[in-house]
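All residue numbers refer to positions in the sequence shown, counting from 1.
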Amino acid sequence: MRIVIEFNVLYISIISTILIILLLLVRGFFGTKIHRIFFTLAWMIVLVRLILPIGVVTPSEWPGGVAAVYDWLKDIPFSNFVWVWCAGACTTAVVFVVRYIIWGRVLREALPIQKVPDIDEEMFTFMGIRVYVSDRISSPVTFGFFHQKVLLPKYYMNLSREQLKFILIHEKIHIDNHDNLNKFFIIAAVCIHWFNPFAWLMYMCCNRDLEMACDEKVIRQVGESGREQYANVLISLASKKVIGESAYSGFARSAIRERIVMIMGYRGVKRWNYAIYSVVVLGTMLVFLMPGQSFSASDREGATAVDVPDASDKIDNEEYEAVDVVEILNEDSSGARTFVTVKTKEGVELCIKLLLSKDVAVTNGAVLTSYLPEGETWKAGMDDTYSGEVTIPEAVRYKGKQYPVIRIGSYSFYGCRNVTEIHIPDSVQEIQERAFFHCESLKKLKLPANLEIMGINPFLGCVSLEAFEMPEYKSQYLVKDGALYTDFGRFLKVYPQGRKQKKVQLGEDVEQIATRAFYGADVKEVRLPENMVRVKSKGFQNCRKLEVVWAGEKTRFAEDVFEGARQADVRRYE
């Protein structure tokens with residue numbers, strides 16, 4: 001497993017929303033049966049997910065549908081809205097800070113409580129808390145984060161000894177639980193995710209559950225026989241106007257009806273409560289998980305994820321032949337992404353995205369990529385007017401460290417119609433979809449020995465590409481008769497578009513044909529093995545000369561498999 005840093009606030013917010021909805025459903029259906037302390041602990045996990053930009057990448061692949069959802073969420077272009085988000089977050093934070101300052105000034109005018117006739121002075125000191133009185137409040141509250149004090153309204157002298165006891169126990173529990181500090185983190189989460197209505201819903205429900213968890217502890221201390229008296233105190237104070245600042249913990253505060261119902265129906269904690277809570281905790285932890293292949297394959301333009309190896313990962317200290325940075329195009333303020341330009345040995349400038357973190361001294365890698373400077377038009381990873389060969393560097397040297405080129409991003413060589421040969425180093429592990437889109441003069445391509453992931457046909461429009469080359473049995477990818485296969489030869493990944501062969505017969509071990517595998521191929525007849533399972537979407541797209549595809553009875557074709565190949569027909573073997 002790997003710990004990753006994720007700076008896409010929209011992604012974190014959507015993932016957390018799923019968890020918030022699940023907890024709200026559990027709270028709605030089982031709220032009277034599960035003790036509130038369990039809900040408060042579950043809300044703390046939600047806060048960690050909302051505030052900390054972290055995730056855990058699983059080593060194994062996830063089901064295709066789930067991985068696709070994660071890919072879509074990770075590709076949300078948060079960078080396009082970062083200034084809007086900053087403005088909203090700052091505005092929300094200013095509102096909370098102003099309210100805190102205003103009420104803090106009022107509450108700091110409180111005076112230490114005086115001795116009251118018929119009430120022992122020990123009542124205010126036996127729990128080791130500081131008690132003050134204020135004529136500016138109407139309900140008891142606990143104020144402060146670290147040096148906390150309990151404030152009573154001026155009518156406290158009219159309260160009985162038993163009522164004061166309940167109030168002080170309640171406020172002391174708030175202090176022991178550090179509830180004011182917890183509420184600070186709730187407010188921080190709301191400021192970060194101000195645009196998410198479910199974050200505000202979490203804000204309200206979490207504050208209520210903190211109060212009801214405190215009520216439960218009061219009942220456990222005074223005994224179930226004191227429930228009715230405690231409820232009566234709540235009702236008597238609820239009729240008075242309460243202070244309106246969410247950063248304080250008050251006695252007669254939110255959801256009084258819900259609290260009374262809970263208090264009167266309170267029963268001791270049952271063992272099955274712990275079982276339910278364990279299930280809830282395991283469920284909530286799932287929002288930190290990210291599918292391994294999905295994460296590796298979807299760090300496209302606009303994504304802001306950075307790999308951070310955990311203690312179990314081995315950092316490869318292998319030295320690569322590195323090139324120096326020529327120009328810094330854009331350096332991300334967070335240190336997550338840095339776009340730079342380097343020069344190849346042919347003198348060609350390439351746009352590289354470095355993946356690094358200022359907080360964690362880890363060399364993660366570099367991605368040959370397209371780039372969209374602010375206020376400028378989109379451009380690919382290199383000059384599309386260049387003619388000749390291009391050698392992609394093994395690594396980039398930046399600020400004294402080497403970043404191996406591990407990925408060729410989408411549209412990196414878009415429209416480079418005059419490039420005849422591209423040399424890819426073995427450091428590259430991934431080639432993304434449309435990486436070599438419309439490289440019309442590219443004739444041969446030697447793929448890297450360490451290739452692990454390839455997107456949907458990265459070679460669309462490579463009309464001169466006649467064959468692939470690749471070292472044998474270095475990975476799951478292999479080349480047979482110039483075509484590229486994966487899954488050790490069972491899955492035809494790409495048939496070179498420029499291959500001049502009118503009739504094609506696939507080997508008996510081939511079971512599937514990938515999406516757009518035969519895109520634009522100059523073929524008239526294709527014979528599939530009888531045991532082939534399926535041909536995926538747009539498998540023969542734009543094969544305009546294709547007339548017939550021979551297939552077995554069990555072979556299944558996607559509905560759009562012959563898009564742009566109108567005269568093609570499927571004939572079954574007898």
Side-chain angles (χ1 to χ4, degrees), residues 75 77 80 297-303 323 326-327 329-330 339-353 366-393 396 405 407-425 428 430-448 451 453-469 484 493-499 515-522 538 541-544 563-564:
D75 285 342
N80 295 342
S298 61
D299 188 23
R300 300 179 178 88
E301 180 68 19
V323 296
V326 176
E327 179 186 3
L329 296 175
N330 183 26
F339 291 91
V340 300
T341 297
V342 301
K343 280 192 176 182
T344 69
K345 68 179 184 179
E346 295 88 2
V348 181
E349 289 191 354
L350 297 180
C351 178
I352 302 285
K353 177 172 67 174
V367 180
L368 182 64
T369 184
S370 55
Y371 176 61
L372 181 62
E374 185 176 356
E376 298 183 21
T377 57
W378 180 89
K379 65 179 181 180
M382 67 170 285
D383 181 6
D384 59 7
T385 63
Y386 174 77
S387 176
E389 298 183 9
V390 174
T391 301
I392 299 174
V396 176
V405 178
R407 198 171 301 145
I408 300 178
S410 300
Y411 298 97
S412 292
F413 292 91
Y414 173 71
C416 295
R417 292 175 170 83
N418 301 317
V419 173
T420 57
E421 192 170 350
I422 298 175
H423 303 281
I424 305 176
V428 171
E430 179 184 349
I431 300 176
Q432 294 185 346
E433 181 179 356
R434 303 190 183 216
F436 302 93
F437 196 33
H438 282 300
C439 289
E440 297 174 356
S441 301
L442 186 63
K443 293 184 177 181
K444 288 186 178 181
L445 189 67
K446 185 177 181 180
L447 297 172
L451 182 63
I453 300 171
M454 180 181 288
I456 296 173
N457 197 340
F459 310 98
L460 301 182
C462 295
V463 295
S464 300
L465 185 59
E466 298 176 354
F468 294 99
E469 296 180 5
L484 179 63
K493 184 68 175 177
V494 182
Y495 184 87
Q497 189 173 342
R499 191 172 184 83
T515 300
R516 294 193 173 99
F518 277 90
Y519 178 91
D522 189 22
K538 303 179 182 179
Q541 186 181 22
N542 290 350
C543 294
R544 293 181 173 85
E563 182 179 290

### Query
Where is the tightest heavy-atom contact between V342 and V323, given as atom of each residue plus distance?
CB-CG2, 3.8 Å
### Message
Can you list everything that forms a salt bridge (charged side-chain N to carboxylate O under 4.0 Å, His left out) with E466? Sequence neighbours excluded, please.
### Response
none
### Task
Flag the pair L350 / T344 as yes when at least one side-chain heavy-atom distance between them is below 4.5 Å, and no otherwise.
yes
### Query
Roughly how far, to the nearest 0.5 Å, is OH of Y411 from CD of E433?
7.0 Å
### Message
Assess the residue pair E430 and R407 against the criterion (salt bridge (charged side-chain N to carboxylate O under 4.0 Å, His left out)); give the C-alpha distance rounded to whole Å, side-chain angles, the decisive distance to 0.1 Å, and a yes or no.
### Response
CA-CA 5 Å; E430 179 184 349; R407 198 171 301 145; 2.8 Å; yes
### Message
Can you tell me how far apart CD1 (I352) and CZ (F339) are? Round to the nearest 0.5 Å.
### Response
11.0 Å
### Query
Is any side-chain heavy atom of L451 less than 4.5 Å from a side-chain heavy atom of I424?
no
### Query
Which heavy-atom pair separates C416 from D383 by the least distance, and what is that distance?
SG-O, 4.2 Å
### Query
Does the side chain of N418 come within less than 4.5 Å of Y386's, by heavy atoms?
no
### Query
Between M382 and F413, is a side chain to side chain contact (heavy atoms under 4.5 Å, CB included) present by the stated rule, with each step listed?
CA-CA 6 Å; M382 67 170 285; F413 292 91; 3.3 Å; yes
### Summary
Tightest non-hydrogen contact, residues L465 and P496, listed as O-CB, 3.2 Å
### Query
Hey, what do you get for CG (L484) to CZ (F459), rounding to the nearest 0.5 Å?
7.0 Å
### Message
In the structure I gave you, are the side-chain heavy atoms of E389 and H423 within less than 4.5 Å of one another anywhere?
### Response
yes
### Task
Indicate yes or no for a side-chain donor-acceptor contact from K493 to the backbone of M454 under 3.5 Å, with no hydrogens or angles considered.
yes
### Task
Could you tell me the separation between the CD atom of Q497 and the SG atom of C462, rounded to the nearest 0.5 Å?
7.0 Å
### Message
Do F436 and V419 make a side-chain contact, defined as non-hydrogen atoms from C-beta onward lying under 4.5 Å apart?
### Response
no
### Message
Going by the rule salt bridge (charged side-chain N to carboxylate O under 4.0 Å, His left out), which residues pair with D522 if we only count those two or more places apart in sequence or in a different chain?
### Response
K502, K545
### Presence of salt bridge, R417 and E440, under 4.0 angstrom
yes
### Query
Strictly under 6.0 Å, is that where the ring centroids of Y519 and Y495 end up?
no
### Query
Closest heavy-atom contact between V494 and N457?
CG1-OD1, 3.6 Å
## Note on the structure
One should read off an interatomic distance between S410 OG and I456 CD1, to the nearest 0.5 angstrom, of 10.0 Å
### Message
Please find the pair of heavy atoms, one from K345 and one from T391, that lie closest to each other, and give the distance.
### Response
CE-OG1, 3.4 Å
### Message
Nearest 0.5 Å, please: how far is CD in Q541 from CZ in R516?
### Response
4.5 Å
### Query
For the residue pair G520 and C543, what are the closest heavy atoms and their distance?
N-SG, 4.1 Å
### side chain to side chain contact (heavy atoms under 4.5 Å, CB included) between E469 and K444, worked out
CA-CA 7 Å; E469 296 180 5; K444 288 186 178 181; 3.8 Å; yes
